[in-house]
Amino acid sequence: MNTKQVVTRFPPSPTGTLHIGGARTALFNWLFARHYHGKFVLRIEDTDKLRSTRDNTDSIIESLRWLGLDWDEGPYFQSQRMEIYNEMIEELLSSGNAYYCHCKPEELERKKAEAKKRGLKPKYDGRCRELGLGKAPGAVVRLKSPLSGTTTFKDLVKGVISIDNEELDDLILQRSDGSFTYNFAVVVDDSKMGINYVIRGDDHVNNTPRQILIYKALGEPIPLYAHLPMILGPDKTPLSKRHGATSVMAYKEMGFLPHALLNSLARLGWSHGDQEKFTTQELIDLFSLDHVGKSAGIFNMEKLLDLNAKYIREVDDSNLADLLIPFLNNLGCSGLNRKKVKEAVKTLKARAKTLLEMAQGALFYFKEITYEKQADEKFLRPEVLEILEDLLSDLERTTGFAQEELEKTFSTFLERHQIKLGKVAQPLRVALTGKTVSPGIFEIMEVMGQEMVIKRLSNAISHTKSKKGP
RNA sequence: GGUCCCAUCGUCUAGCGGUCUAGGACGCCGGCCUCUCACGCCGGUAACACGGGUUCGAGUCCCGUUGGGACUACCA
């Protein structure tokens with residue numbers, strides 16, 4: 001039995017915000033670590049000084065927190081680990097597993113182009129490999145990798161993958177400006193941090209043999225790998241900024257619940273029979289790499305929307321009100337009465353797929369309304385004036401504004417006029433909300449309260465009267 | 001070009017040689033419910049890329065074809 005603790009990691013590069021693909025990678029690493037009661041490490045790969053920003057780092061961290069993906073160690077910053085990389089370079093140099101190369105970039109470029117033209121592999125020719133060159137301005141450090149043989153690893157999702165070492169050339173570990181390359185830094189960090197499961201995007205499979213070679217040169221144990229399939233946009237190309245909303249924070253702003261996103265991400269590439277909905281605990285208990293699919297998938301917005309709607313319905317009214325208030329504020333509603341928001345939420349929760357949508361649907365409770373043109377023309381007609389006026393006087397007279405009481409008031413009203421509810425419901429709805437679509441009229445009347453209902457109804461009546469003309 | 005990876009309904013997927021005339025979910029289309037819209041409920045639509053093997057038997061294993069994708073940087 002292997003008693004070694006599982007250690008996974010998520011190493012975002014702060015050259016952008018956390019996007020859907022990154023979030024899924026983080027989630028799988030997190031789930032795997034939690035499932036095995038292991039450790040989840042966060043490491044910021046900010047070696048690209050030009051493109052890495054503090055804002056992006058903060059935003060990535062905020063996104064992870066929002067999703068509820070907590071880490072046990074870190075965040076580490078690669079930019080603060082230069083001494084370690086340097087030490088490792090020295091070690092490789094002295095063990096003969098790496099060497100200085102003095103070749104000029106332009107020269108290499110030229111050779112590469114030439115090789116390509118002749119249909120050969122554009123790889124480094126190993127000119128400086130055995131020269132025993134020393135440090136010099138413009139020199140880089142290269143890995144002395146095996147010329148023959150194959151490098152094989154058993155990917156936990158893809159199976160055995162092997163590649164001839166001939167395909168790999170002596171890759172650069174340290175650049176001429178002293179900085180370190182990605183493949184090198186990753187291996188050093190993963191190794192130093194004790195990462196034993198590397199779960200990452202599919203786009204790294206080709207890097208894996210190179211990294212394994214570095215582990216071997218370092219004499220360090222090689223982790224187990226699991227490569228996750230890519231997430232594609234609707235056009236079947238890898239998800240990118242072009243696809244609009246790809247950043248996790250954008251989903252927050254659109255009114256998605258973090259758990260809905262999480263659930264949705266989990267189901268993209270992983271499955272557990274026919275189950276679609278999972279609590280976080282179920283995800284942790286059930287997650288395993290052998291039910292991760294091998295093929296790339298398209299991120300399905302419709303399904304996320306549906307899941308989000310389902311989860312919204314599960315949140316209790318009071319919490320939902322708290323979640324909704326910021327969205328309402330953004331839409332210009334201030335000084336909100338929390339209790340009224342809660343009552344409003346009750347009427348809206350089955351009708352909104354996102355918090356934003358719900359806030360928009362709740363606006364008529366909290367802001368002055370305007371009549372939608374179509375609604376106005378179709379339902380606020382002089383023919384219904386008489387009925388509306390009579391209804392208004394009934395509503396003014398009644399003392400009960402709870403739903404059941406309103407229903408009673410209405411049934412006697414309808415009986416007196418010998419009409420069906422359908423006849424008054426739509427005009428009344430337009431009068432109260434300005435729209436033809438809303439929650440049930442009794443529900444909204446109760447939430448609005450007598451005063452507002454009477455005011456809106458009389459406004460609608462005078463508005464309709466004004467249409468008659470002289 | 002080379003190397004590597006991938007291939008079930010429109011989409012996410014179940015399927016780990018027989019239970020598959022291929023199941024679930026989203027979407028879409030009907031219906032019921034009904035004061036509108038939703039919710040809910042009921043029903044329907046729709047897929048194993050192709051061709052060879054292996055086997056008594058293949059969606060499931062092997063090979064090839066085709067089609068996607070990744071990598072091929074002194075980016076990560």
Side-chain angles (χ1 to χ4, degrees), chain A residues 11-16 45-48 50-52 78 101 103 105 108-109 112 116-123 138-142 155 158-159 161-164 166-169 171-183 185-186 201-210 227 229-230 232 234 236-238 264 267-277 290-291 293-307 309-310 313 348-353 361 375 379 410 420-430 433 435-443:
Chain A
S13 166
T15 53
E45 309 215 323
D46 57 349
T47 50
D48 186 340
L50 289 174
R51 297 190 299 146
S52 298
Q78 285 191 322
C101 168
C103 294
L108 260 18
E109 209 45 60
K112 216 175 264 184
K116 225 171 179 173
K117 212 164 62 187
R118 291 196 292 153
L120 297 170
K121 287 185 210 321
K123 54 181 265 192
V140 299
V141 175
R142 285 184 186 271
D155 191 280
K158 308 243 181 212
I161 294 174
S162 70
I163 183 165
D164 287 342
E166 278 177 55
E167 299 297 330
L168 282 10
D169 57 3
L171 80 205
I172 292 173
L173 269 20
Q174 185 173 26
R175 302 187 189 100
S176 54
D177 67 355
S179 63
F180 304 91
T181 58
Y182 166 75
N183 281 309
V186 164
D202 211 333
D203 47 340
H204 287 290
V205 290
N206 292 286
N207 280 327
T208 307
R210 300 174 218 285
H227 287 97
M230 301 264 83
L232 274 22
K236 296 180 192 247
T237 66
S264 177
R267 282 289 290 107
L268 222 196
W270 173 81
S271 62
H272 182 258
D274 285 340
Q275 191 171 344
E276 296 285 349
K277 276 178 84 220
D290 43 53
H291 279 92
K294 294 182 186 185
S295 52
I298 296 171
F299 183 67
N300 192 183
M301 190 66 164
E302 297 300 325
K303 207 160 171 170
L304 202 215
L305 243 13
D306 177 71
L307 251 190
K310 288 188 165 106
R313 276 174 243 143
L348 260 11
K349 67 195 291 190
R351 290 167 232 264
K353 289 185 189 296
F379 295 108
F410 267 72
K420 294 216 167 150
L421 180 58
K423 184 99 175 172
V424 269
Q426 281 306 80
L428 179 57
R429 189 185 314 281
V430 176
T433 70
K435 296 180 290 190
T436 56
V437 170
S438 83
I441 47 169
F442 301 124
E443 294 175 75

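The figures here come from the full heavy-atom set of this structure, side chains too, leaving out hydrogens, waters and symmetry mates. Within every chain, numbering begins at 1; the chains are lettered A, B, ... in the order of the sequence lines, protein sequences first and strands thereafter.
For B:C74, the base has a donor-acceptor partner in the side chain of A:Ser176 [N/O atoms by modelled type, under 3.5 angstrom].
Across all strands shown, B:U54 forms no Watson-Crick or G-U wobble pair with both distances under 3.5 Å. Look at B:G67: its Watson-Crick or wobble partner, with both distances under 3.5 angstrom, is B:C6. Base pairing annotation: B:U11 forms a Watson-Crick or G-U wobble pair with B:A25, both donor-acceptor distances under 3.5 Å. The pairing partner recorded for B:C41 is B:G31, the criterion being a Watson-Crick or G-U wobble arrangement whose two distances lie under 3.5 angstrom. Pair assignment for B:C48 gives none, since no Watson-Crick or G-U wobble pairing has each distance under 3.5 Å. The base-pairing partner of B:U72, taking Watson-Crick or G-U wobble contacts with both distances under 3.5 Å, is B:G1.
Summarising the geometry, the separation between CZ on A:Phe299 and C1' on B:U11 is reported as 12 Å, rounded to the nearest angstrom. Residue A:Trp270 contributes atom CH2, which lies 17 Å from atom P of B:A25 at whole-angstrom precision. If you take CG of A:Leu168 and C1' of B:U72, they are 10 Å apart, rounded to a whole angstrom. Look at CG on A:Asp274: it is 12 Å from P on B:C16, rounded to the nearest Å. What separates CG of A:Asp169 from C1' of B:C71 is a distance of 12 Å, to the nearest Å. Following rounding to the nearest Å, A:Glu302 (CD) and B:U11 (P) show an atom-to-atom distance of 14 Å. In this structure, A:Asp155 places its CG atom 18 Å from P of B:A70, rounding to the nearest Å. Rounded to whole Å, the distance from NE2 on A:His272 to C1' on B:G23 is 16 Å.
Taking every side-chain heavy atom of A:Val140 into account, B:C74 is the closest of B:A70, B:C74, B:C12.
Between A:Thr47 and B:A76 there is a side-chain N or O to OP1 or OP2 distance below 4.0 Å.
Partners of A:Asp48 by side-chain contact (heavy atoms from CB on, under 4.5 Å), not counting sequence neighbours, listed by chain and number: A:Leu50, A:Arg51, A:Ser52. Every residue two or more places apart in sequence or in another chain was checked for a side-chain contact (heavy atoms from CB on, under 4.5 Å) with A:Glu109, and none qualifies. Remark: A:Asp290 pairs with A:Ser288 by the side-chain hydrogen bond (donor to acceptor under 3.5 Å, both in side chains) rule, at least two apart or across chains. With sequence neighbours left out, A:Ser179 forms a side-chain contact (heavy atoms from CB on, under 4.5 Å) with A:Arg175, A:Asp177. With sequence neighbours excluded, no residue forms a side-chain hydrogen bond (donor to acceptor under 3.5 Å, both in side chains) with A:Asn300. Scored by the side-chain contact (heavy atoms from CB on, under 4.5 Å) test, A:Val140 finds A:Cys101, A:Arg142, A:Ile172, A:Ser176 as partners (sequence neighbours excluded). The salt bridge (charged side-chain N to carboxylate O under 4.0 Å, His left out) check on A:Lys277 picks up A:Glu314, with sequence neighbours excluded. Considering only residues two or more places apart in sequence or on other chains, A:Lys423 meets the side-chain hydrogen bond (donor to acceptor under 3.5 Å, both in side chains) condition with none of them. Judged as a side-chain hydrogen bond (donor to acceptor under 3.5 Å, both in side chains), and not counting sequence neighbours, the contacts of A:Lys158 are A:Asp202.
By the 4.5 Å heavy-atom criterion applied to side chains, A:Pro11 and A:Val186 are not counted as neighbours. Side-chain contact between A:Phe379 and A:Arg429 is absent, with no heavy-atom pair separated by less than 4.5 Å. Taking 4.5 Å as the limit, every side-chain heavy atom of A:Arg351 sits out of range of all side-chain heavy atoms of A:Val437.
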Can you pull every protein N or O that's under 3.5 Å from an N or O on nucleotides 48-51 of chain B?
none

Check nucleotides 2-10 of chain B against the protein and report each pair of N or O atoms closer than 3.5 Å, with its distance, or say if there are none.
from	atom 1	to	atom 2	distance (Å)
B:G2	O2'	A:Lys121	NZ	2.9
B:C5	O2'	A:Lys158	NZ	3.0

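In this structure, CG in A:Asn207 is found 6.0 Å from OH in A:Tyr182, a value given to the nearest 0.5 Å. Here CZ of A:Arg267 is found 5.5 Å from NZ of A:Lys303. Values are rounded to the nearest 0.5 Å.
Rounded to whole Å, the C1' atom of B:U60 lies 28 Å from the corresponding atom of B:U3. Going from the P atom of B:C50 to that of B:A7 covers 15 Å, rounded to whole Å. B:C33 sits 11 Å from B:C42 when the C1' atoms are compared, rounded to a whole Å. To the nearest whole angstrom, the two P atoms, one in B:C9 and one in B:G23, are 14 Å apart. Spacing between B:A38 and B:C28 at atom P, rounded to whole Å, works out to 10 Å. Here, B:G27 and B:C74 have their C1' atoms 48 Å apart, quoted to the whole Å. Nucleotides B:U21 and B:C4 are separated by 37 Å at their P atoms, to the nearest Å. Taking atom P in both B:A25 and B:G18, one finds a spacing of 24 Å when rounded to whole Å.
Residue contacts for A:His227: at a heavy-atom cut-off of 4.0 Å it reaches no nucleic acid atom on any strand shown. Within the 4.0 angstrom heavy-atom criterion, only backbone atoms of the sugar-phosphate kind lie near A:Ile298; the bases stay farther away. Using a 4.0 Å heavy-atom cutoff across all strands shown, A:Gly269 reaches sugar-phosphate atoms only and no base atom. Here A:Cys101 lies out of heavy-atom contact (under 4.0 Å) with every strand. The residue A:Ile441 sits close to a base: some heavy atom pair falls under 4.0 Å. Across all strands, A:Arg210 comes closer than 4.0 Å only to sugar-phosphate atoms, never to a base (heavy-atom distances). Residue A:Phe410 is classed as having no contact, given no heavy-atom separation below 4.0 Å to the nucleic acid.
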key: nucleotides 37-47 of chain B: protein proximity per nucleotide (B base, S sugar-phosphate only, - neither; heavy atom, under 4.0 Å)   = BBSS-------
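Side-chain N or O atoms of A:Lys123 include one that pairs as donor or acceptor with a backbone N or O of A:Glu166 at under 3.5 Å.
Along RNA chain B, the nucleotide nearest A:Ser271 and the nucleotide nearest A:Gln426 are compared for position; the residue whose nucleotide lies closer to the 5' end is A:Ser271.
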